[in-house]
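Note on naming: letters A, B, ... go to the chains in the order of the sequence lines (proteins, then strands), and numbering restarts at 1 for each one.
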Amino acid sequence: LVEPTRDERFESLFRDHYATVRAYALRRAPRDMAPDVVAETFLVAWRRLDDVPADPLPWLYGVARRVLANARRSANRGLALERRLASAAVPAGLGDPGERVGEAEIVRAALARLSERDRETLMLVAWEGLSSARAARAAGCTRAAFAVRLHRARGRLATQLASLEPPAGGRVEAQSLEVS
Amino acid sequence: MRPERDQLQRLAAADPLRDGERLTHEEEREADALLARMLATPPAGAERNAGGRRRVRRWGLAAAAVVGVAAAVLAVTSLVDSDAPGGGIVERAVAAVTREDVIYHVVERSRAEVSYEDEARTIYSESWHTSEGHIHQRTFAARDGRKGRLLQDFAGRWIPGRRVNPLLRWEARSNTISEAGIGPGPDTGAPTLDPFTDPGAQLRRLQEEDRLRVAGTTRVGGRRAYRLVSGPVGHPRLGAGEERVEFLVDADTYLPLAQRYSSVHRSSDPERPISRIDIVSRYLVYERLPLNERNRAFLDLDPHPGAKCSRFAGELRGEQGVGFPNPCPPPD
């Protein structure tokens with residue numbers, strides 16, 4: 001058997017995971033910023049190809065998470081995700097105070113109110129679909145630590161959801177979901 | 001009473017990107033272009049091994065500086081790597097966009113700020129052009145930070161010796177194809193640049209006018225790039241104003257990665273004594289396609305079913321024509 005070349009190894013990694021890393025970035029960054037996050041993540045992978053583990057996806061998410069964090073710090077975009085989530089949480093019919101707000105909007109608004117660490121913990125499991133073990137690798141902590149983080153984040157999400165839930169048979173005003 | 005559901009299940013159902021891993025054909029092309037650019041980048045493994053963790057951290061810091069929209073990229077360029085590279089960079093950059101055996105395919109996102117408009121505008125465009133002057137460009141609105149609906153489509157060609165060149169332009173609003181001109185207009189003897197046309201033609205023009213200098217290196221979207229800077233230069237049309245242009249070209253392929261154009265126009269109009277235009281373009285794709293019959297079709301105006309033709313659109317034929325079969329009938 002012929003060993004794959006470095007280029008072939010990278011191309012395989014890229015083609016297998018480009019779409020998932022792109023989705024990861026799009027869930028967390030403005031659309032105009034996501035392509036640069038993806039490019040930067042794969043460039044790190046290209047330069048550090050020998051360090052990429054056998055299960056590369058959590059590692060790639062970890063790199064993307066750091067690229068995003070650095071980008072937010074350097075470009076004063078710390079509120080980008082909050083704004084994005086808040087904007088997603090407020091439907092187009094903002095002017096109509098009686099407009100019914102959907103389940104997904106409520107959940108995303110509750111998520112937007114959490115800390116960045118809580119959000120990332122929950123999103124890795126719920127949106128990226130990682131097991132706790134793989135999510136722990138992506139988050140850069142032990143399985144035990146991740147389990148604690150996840151437990152606490154779920155609790156805080158439940159608290160936020162409770163504060164946003166409409167009363168039985170009631171309606172939520174769209175304005176109440178704005179996140180500052 | 002709302003039934004109790006696990007928070008994670010509710011969160012999973014609220015994923016805004018449940019189909020996010022499916023790529024459109026265009027997104028696949030962008031991915032291919034990114035992969036090609038990556039593979040053209042030296043991996044620099046030896047450098048990393050020699051430098052150890054410190055170099056990796058430095059890389060991380062540099063990476064932080066390059067992530068963001070093109071405006072942010074351009075804003076930080078002066079902070080990163082001010083070593084001025086040697087000569088020949090401009091010539092190589094111009095040569096990279098001047099090959100006669102290819103069609104250049106460019107996808108770009110441009111953000112324009114004009115002082116007399118309330119909001120900055122972002123548009124997307126996709127264009128095909130040749131170094132001999134054929135150009136076809138589609139312009140799209142931006143919607144939710146990505147490419148939206150098609151606004152206009154134009155195609156034509158530059159004819160040697162002419163300053164106004166023929167093209168046909170289709171406009172979505174009226175669904176009409178009309179004749180138009182492309183070019184710098186009457187010769188004022190002064191340098192001007194149309195930031196909305198072929199970036200390769202812009203680079204060639206800047207070099208012909210000896211306006212470009214290399215101003216160090218930076219990084220764009222993970223790529224090392226040379227900064228080619230022109231200006232400030234004055235221009236009669238700008239009154240007492242001036243214009244500046246900066247191209248960032250890939251340090252390996254020399255193809256453009258980004259451009260910034262800015263001009264200041266001072267006038268005697270008391271309501272608008274100073275006008276500023278600032279356009280930042282990020283080239284998401286800049287690739288060469290083989291110049292064959294199949295790809296030549298990209299240079300033609302797209303078919304626009306049901307489109308009307310303006311009175312004189314059909315006149316552009318033959319030697320003075322647009323360089324492809326005119327879809328409009330010749331005038332009576």
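- Contact detail for B/L8 and A/A126: the closest heavy-atom pair is O-CB, 3.8 Å.
- The two residues B/P16 and A/W127 make their nearest non-hydrogen contact at CD-CH2, 3.4 Å.
- The shortest distance between side-chain heavy atoms of B/R219 and A/L43 falls below 4.5 Å.
- B/L35 is listed as a side-chain neighbour of A/F10, based on a closest heavy-atom distance under 4.5 Å.
- For a residue to count as touching a neighbouring chain, one of its non-hydrogen atoms must lie under 4.5 Å from one of that chain's; by this rule A/L161 touches chain B with the side chain only.
- In the displayed structure, A/R9 atom CZ is contacted under 6.0 Å by more than 12 heavy atoms of other residues, nucleotides or ligands.
- Contact of A/F42 with chain B is made through backbone and side chain together, with heavy-atom distances under 4.5 Å.
- Counting all heavy atoms, side chain and backbone alike, A/R108 lies closest to B/A14 at NH1-O, 2.6 Å.
- Of all non-hydrogen atoms in B/D15 and A/R27, the two that sit nearest each other are OD2-NH2, 2.8 Å.
- Contact annotation: the side chain of A/L122 never approaches that of B/Q7 to less than 4.5 Å [non-hydrogen atoms, C-beta and beyond].
- The residues B/D32 and A/R15 are annotated as salt-bridged, a charged nitrogen and a carboxylate oxygen being separated by less than 4.0 angstrom.
- The OH atom of A/Y18 sits 10.0 Å away from the CD atom of B/E28 when rounded to the nearest 0.5 Å.
- Contact annotation: the side chain of B/R282 approaches that of A/D36 to within less than 4.5 Å [non-hydrogen atoms, C-beta and beyond].
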